[in-house]
A.B. asks: 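Let me begin by handing over the structure; questions about it come next.
Every heavy atom of this structure was used, including side-chain atoms; hydrogens, water molecules and symmetry mates were not.
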Amino acid sequence: MSIRVGVIGAGIMGADHIRNLSTTIGGAEVTFVADLDVDRAAAAAPSTARITSDPSELINSSEVDAVVVASHDSTHAGLVLECFEAMTPVLCEKPLAPTLLESLEVVAADADIVAATGASLLSLGFMRRFDPGYVALRESVRGRRQGEPLMVHCVSRNGSAAPGTTAESAITNSAIHELDIVPWLLDSPITEVSWQAGKSTRRAEPGLKDPSFMTLRTADGTLTTLELYLNAQYGYTTRCEVVSELGTTCLQESSLLGIEQDGARQGVIPADWRPRFADAYRLQLQAWISALAGGEPTPLAGAQDGLNASLVAQAMIQSLHSDGTSTKVSYS
């Protein structure tokens with residue numbers, strides 16, 4: 001019997017989840033789609049799914065067994081809490097919430113459910129944990145195949161920033177992936193961060209300094225650098241290299257297509273993150289559905305992972321507003 005899934009948000013990410021759940025994920029059926037723009041919802045939904053502009057109607061529907069939240073970041077905490085009230089399992093896209101206070105509220109509510117039932121209802125969409133490249137990188141680091149890791153270098157570049165992106169939201173929405181994946185790779189929490197920016201591209205909107213450069217120090221002493229460039233123009237690329245005592249390990253640069261013509265070789269770079277992480281999204285969704293169908297805890301990131309990333313993001317924003325002063329991360 002299929003898990004009946006309701007998807008909230010039919011934008012770029014929501015439509016991608018709907019497509020995967022309807023075509024490539026075993027044991028799932030999209031039965032309900034909610035979006036403020038009902039025409040957009042109808043365009044993304046399967047023909048058999050119900051459509052609404054009211055996410056509460058979807059969450060409380062008897063036709064929904066589980067919910068995917070892929071709406072605007074500002075709605076995440078409130079919608080997750082509604083799912084908790086309905087006792088409905090929910091997969092929420094990152095971030096858990098754009099503010100630390102909202103994240104704390106969700107984690108407290110999740111803890112109450114775990115205390116009462118023994119299981120969490122919340123899974124969080126840090127999909128890089130399912131990317132085959134990152135999984136292999138983590139296995140290499142954990143096995144100490146090149147000795148002890150010493151430094152990590154990350155690069156994340158987008159073709160263009162979303163309208164209204166600010167220096168703060170660039171951290172909570174984009175850099176949040178590295179704030180989660182670095183401690184996951186190293187099995188060590190981030191304890192100190194700093195944020196810097198130099199000359200900014202003319203394509204950055206007011207309020208966004210782009211590119212920016214961040215440093216993260218984990219409890220094991222490893223230093224990580226992150227270049228975040230949201231208006232790189234040429235497309236989407238992400239890089240991660242672990243520098244160790246005896247060598248380096250890195251993700252392989254990917255392209256959609258290789259072209260050799262007229263004495264030149266070139267690669268076609270994807271316009272956004274979806275082609276690069278298509279496998280990760282599919283593997284994450286399948287793991288979530290399979291766990292729900294089997295009555296098992298999901299292997300996805302959870303409430304505490306979301307809170308930890310929010311705590312690091314808060315410290316990074318504090319550094320941003322303190323002229324790049326190194327800022328400690330407090331988990332207490």
Side-chain angles (χ1 to χ4, degrees), residues 73-74 76-77 80 92-108 110-111 122-129 131 134 137-138 141 149 151-156 158 165-197 208-230 238-242 273 300-332:
D73 293 359
S74 62
H76 287 189
V80 167
C92 179
E93 266 301 327
K94 59 77 195 166
L96 181 57
T99 68
L100 180 56
L101 286 177
E102 290 174 293
S103 295
L104 287 166
E105 185 180 3
V106 172
V107 170
D110 179 72
L122 176 64
S123 299
L124 195 59
F126 281 126
M127 84 294 174
R128 291 190 186 186
R129 295 179 179 218
D131 177 70
Y134 275 105
L137 187 58
R138 188 189 196 208
V141 170
M151 298 188 76
V152 180
H153 299 297
C154 301
V155 173
S156 184
N158 267 322
T165 300
T166 64
E168 293 83 1
S169 67
I171 294 169
T172 60
N173 183 269
S174 296
I176 199 78
H177 278 297
E178 277 77 18
L179 304 190
D180 172 73
I181 208 67
V182 167
W184 181 82
L185 280 174
L186 299 174
D187 282 323
S188 185
I190 297 170
T191 58
E192 187 176 358
V193 300
S194 68
W195 182 97
Q196 300 284 337
L208 174 63
K209 294 183 179 179
D210 190 45
S212 58
F213 188 82
M214 307 174 207
T215 63
L216 324 168
R217 190 179 301 277
T218 43
D220 63 1
T222 306
L223 183 67
T224 295
T225 65
L226 167 61
E227 176 210 310
L228 181 66
Y229 189 11
L230 299 182
T238 185
R239 301 169 191 165
C240 183
E241 179 185 37
V242 179
W273 68 93
L300 282 66
Q304 189 62 50
D305 299 306
L307 176 59
N308 290 347
S310 291
L311 287 165
V312 178
Q314 181 73 17
M316 191 70 76
I317 291 171
Q318 183 177 340
S319 175
L320 183 159
H321 290 295
S322 303
D323 295 324
T325 301
S326 182
T327 304
K328 299 288 186 181
V329 181
S330 174
Y331 292 96
S332 58

A.B. asks: Give the minimum heavy-atom separation between G306 and L124, together with the two atoms involved.
C.D. replies: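 Here G306 and L124 meet closest at CA-CD2, 3.3 Å.
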A.B. asks: How would you list, by chain and number, every residue that makes a salt bridge (Lys or Arg N to Asp or Glu O under 4.0 Å) with E227, sequence neighbours excluded?
C.D. replies: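 Partners of E227 under the salt bridge (Lys or Arg N to Asp or Glu O under 4.0 Å) test: R157.
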A.B. asks: Check the pair S194, T215 against side-chain hydrogen bond (donor to acceptor under 3.5 Å, both in side chains), reporting the backbone distance first and the verdict last.
C.D. replies: CA-CA 5 Å; S194 68; T215 63; 2.4 Å; yes
A.B. asks: Looking only at non-hydrogen atoms, find the nearest pair between S188 and A219 and report the distance.
C.D. replies: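 S188 and A219 have their closest heavy atoms at OG-N, 3.2 Å.
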A.B. asks: Supply the atom-to-atom distance S212 OG to M316 CE, rounded to the nearest 0.5 angstrom.
C.D. replies: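 Atom-to-atom, S212:OG and M316:CE are 8.5 Å apart.
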A.B. asks: Could you tell me if the side chain of N308 sits less than 4.5 Å from the side chain of Q304, heavy atoms only?
C.D. replies: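 Contact flag for Q304/N308 side chains = yes.
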A.B. asks: Could you tell me the separation between the CD1 atom of I171 and the CG atom of L228, rounded to the nearest 0.5 Å?
C.D. replies: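 Spacing of CD1 (I171) from CG (L228) equals 8.5 Å.
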A.B. asks: Grab the two heavy atoms, one from A197 and one from K209, that are nearest each other, plus how far apart they are.
C.D. replies: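 Nearest heavy atoms, A197 then K209: CB-CB, 3.9 Å.
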A.B. asks: Quick one, F126 and W184 - any side-chain contact, counting heavy atoms below 4.5 Å?
C.D. replies: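 In short, these two side chains do not touch, never coming nearer than 4.5 Å.
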A.B. asks: Would you say the side chain of V193 lies within less than 4.5 Å of the side chain of V312, judging by non-hydrogen atoms?
C.D. replies: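 The answer is yes; the side chains approach within 4.5 Å.
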A.B. asks: How far does OG of S169 sit from CD1 of I317, to the nearest 0.5 angstrom?
C.D. replies: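 The distance works out to 9.0 Å.
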A.B. asks: Provide the closest heavy-atom pair for C92 versus P95 in the form atom of the first, atom of the second, distance.
C.D. replies: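 Scanning both residues completely, I find the closest heavy atoms to be SG-O, 4.2 Å.
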A.B. asks: Using the salt bridge (Lys or Arg N to Asp or Glu O under 4.0 Å) criterion, which residues pair with D220? Sequence neighbours excluded.
C.D. replies: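 Listed in chain order: nothing, the list is empty.
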A.B. asks: Do R138 and D187 have side chains that get closer than 4.5 Å, going by heavy atoms?
C.D. replies: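 When only atoms from C-beta onward are counted, D187 and R138 do touch, with a gap below 4.5 Å.
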A.B. asks: Taking the side chain as C-beta and beyond, is there a heavy-atom pair between S156 and E178 under 4.5 Å?
C.D. replies: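 Side chain of S156 against side chain of E178, heavy atoms only: contact under 4.5 Å found.
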A.B. asks: Looking only at heavy atoms, which two atoms of V107 and A303 are closest? And how far apart?
C.D. replies: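 Answer, listing the atom of V107 first, then A303: CG2-O, 3.5 Å.
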A.B. asks: Holding to salt bridge (Lys or Arg N to Asp or Glu O under 4.0 Å), I want the full list of residues that pass it with R129, two or more places apart in sequence or in another chain.
C.D. replies: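 Salt bridge (Lys or Arg N to Asp or Glu O under 4.0 Å) check on R129 returns D180, D305.
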A.B. asks: Look at the side chain of T191 and the backbone N and O of R217, then say whether any donor-acceptor pair between them is shorter than 3.5 Å.
C.D. replies: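 Present.
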A.B. asks: Would you say W273 and H177 make side-chain contact, with heavy atoms under 4.5 Å?
C.D. replies: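 Counting from C-beta outward, W273 and H177 never come under 4.5 Å.
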A.B. asks: Show your working on side chain to side chain contact (heavy atoms under 4.5 Å, CB included) between T218 and V182 and close with a plain yes or no.
C.D. replies: CA-CA 8 Å; T218 43; V182 167; 4.3 Å; yes
A.B. asks: Looking only at heavy atoms, what is the nearest atom pair of S330 and L311, with distance?
C.D. replies: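 S330 and L311 have their closest heavy atoms at O-CD2, 3.6 Å.
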A.B. asks: Roughly how far apart are Y229 OH and D210 CG, rounded to 0.5 Å?
C.D. replies: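 The distance works out to 6.5 Å.
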A.B. asks: Counting distance only, does the side-chain N/O of H76 pair as donor-acceptor with the main-chain N or O of E93 below 3.5 Å?
C.D. replies: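 Checking the backbone N and O of E93 against the side chain of H76, a donor-acceptor pair under 3.5 Å is found.
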A.B. asks: Using side-chain heavy atoms (C-beta onward) and a distance below 4.5 Å, is L307 in contact with L100?
C.D. replies: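 L307 reaches L100 side chain to side chain.
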A.B. asks: Rounded to the nearest 0.5 Å, what separation is found between the OG1 atom of T222 and the CD1 atom of I190?
C.D. replies: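 Between atom OG1 of T222 and atom CD1 of I190 there are 11.0 Å.
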A.B. asks: Going by the side-chain contact (heavy atoms from CB on, under 4.5 Å) test, name the single residue among L122, D73, D110 that passes it with L96.
C.D. replies: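 Going through L122, D73, D110 one by one, the side-chain contact (heavy atoms from CB on, under 4.5 Å) with L96 is satisfied by L122 alone.
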A.B. asks: Is it the case that the side chains of E168 and H321 hold a donor-acceptor pair, with the cut-off being a distance below 3.5 Å and no angle test?
C.D. replies: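 Side-chain D/A pair, H321 to E168: present.
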A.B. asks: Please tell me if the side chains of L230 and S174 come closer than 4.5 Å, counting only heavy atoms from C-beta onward.
C.D. replies: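 Yes, their side chains come closer than 4.5 Å.
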A.B. asks: Give, for atom CG of L179 and atom OG of S310, the distance between the pair rounded to the nearest 0.5 Å.
C.D. replies: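 One gets 9.5 Å once the value is rounded to the nearest 0.5 Å.
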